[in-house]
Structure formats: structure tokens, C-alpha cells
Amino acid sequence: MAFAAFRRILSGSSAPSPLLRSSFASIRSNSTLVTLTSPKLFISGLSRVTTDENLYNAFASFGQLREAKVIIDRASGRSKGFGFVTYETVEEAEKAREGMNAKFLDGWVIFVDPARPREAQPRQPPRQDFQFNSQSTDIGFTTNKTVGWCG
DNA sequence: GTTGAGCGTT
């Protein structure tokens, strides 16, 4: 319900409001301070009545949309409460994030964050920290080398 | 039927 969102925000009850969650998420992930590397955005906090068209109309003013999709649970046939929006350029996605993050859509505060790559990037492994042991690796390495547990 | 963190049916 839309009223639930309003009540949480206006009352400031014990339960963390979506706005607070947004702030924490921003601080933790620097979502509003880091330049986007992809024109794809992850939109969460959507109302369950929000559909692809609503999402499209809400984000269309910030740039040319390539895709606007609300994820629908195939079993229940209703929205999962989040979706994805893809622009033609990352600049447009930036504007959309600045303009739509923590804003209302169908009575709910939505959160705009960079989307994670759905398929693992073949060319860009996340981060591989190769740590070379400065000390000898003989210890523990020769231990079971010739030990045969042939049972 | 309705309870709110999250990263998608192709």
C-alpha cells in the first residue's frame, strides 16, 4: 500500500524508513558519488502496481531509454518490487539517478543504483588480488607430498 | 489476500 510508505516516512518510527536505507546505501556504496560505468540502472522500492510503462514514463525525461522493465514474478504474476532501466548513454543514466533516486513513484520511494552485470563479464574479472608469500612456502607444502593415503 | 530486501523469464 502506498499509505504504508507515507506513514513510515512521516512518522519516523523505530523501523528504518526507505529514506534512511537509501542514505546508508549511498554512503556504503558511494552510489551518488561514483561515476557510472554502465547505462543500466537497478530500481528498487517500486510499488507492486508499478509496471513497465510506469517505469518508462517516470524515467523517460532524463534521456533515451533503451529498456524499462519491472521484474514480474512468474508464479504470482505480480511485480517483485524492483526493475531495471537502461539508457543509451551513461550520462543519461547519471541524470536519471540524480533526478529519480529517493523520489516517489506510485506512492513509494524508489532507489536508483547502478545495476550489477547480469552475466559475468568475461573480459573484466572483478578483482583478483594475487598475494605472493614472501616467506617460504615449503612449510606445509612438503608435508603430505609423499604421503600416500592408499587405503 | 498483503506485509518490502533485493539484481532480471528472454
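Proteins get letters first, then strands, A, B, ... in listed order; numbering begins at 1 in each.
- At a threshold of 4.0 angstrom between heavy atoms, the contacts of A:Gly83 with the nucleic acid are absent.
- In the hydrophobic clustering, A:Ile71 connects to A:Phe42, A:Phe82, A:Phe84, either directly or through intervening members, whenever side-chain heavy atoms lie under 4.5 Å apart.
- Residue A:Arg74 has its side chain nearest to B:dT9 when only B:dA5, B:dT9, B:dC7 are considered.
- Computed from coordinates, the A:Arg78 CZ to B:dT9 C1' distance equals 17 Å when rounded to whole Å.
- What separates CZ of A:Phe82 from P of B:dT9 is a distance of 7 Å, to the nearest Å.
- Closest to the A:Ala115 side chain, of the nucleotides B:dC7, B:dA5, B:dT2, is B:dC7.
- Judged as a side chain to side chain donor-acceptor pair (under 3.5 Å), and not counting sequence neighbours, A:Asp52 has no contacts.
- Screening residues 36-48 of chain A for side-chain hydrogen bond (donor to acceptor under 3.5 Å, both in side chains) gives no qualifying pairs among residues at least two apart or on separate chains.
- Residue A:Leu46 is in base contact, counting any heavy-atom pair closer than 4.0 Å across all strands shown.
- The backbone N or O of A:Lys95 sits nowhere less than 3.5 Å from a side-chain atom of A:Glu98 that would complete a donor-acceptor pair.
- Listed by first and then second residue, the side-chain hydrogen bond (donor to acceptor under 3.5 Å, both in side chains) pairs that reach into residues 53-62 of chain A come to none, sequence neighbours excluded.
- Rounded to a whole Å, the CG atom of A:Asp73 is 15 Å from the C1' atom of B:dC7.
- Residues of residues 63-72 of chain A that place a heavy atom closer than 4.0 Å to DNA chain B, in numerical order, are A:Glu67, A:Lys69, A:Ile71, A:Ile72.
- As rounded to whole Å, 15 Å separates atom P of B:dG8 from atom CD1 of A:Ile43.
- A close approach under 4.0 Å does not occur between any side-chain nitrogen or oxygen of A:Lys40 and OP1 or OP2 of B:dC7.
- A:Arg78 pairs by the side chain to side chain donor-acceptor pair (under 3.5 Å) definition with nothing, not counting sequence neighbours.
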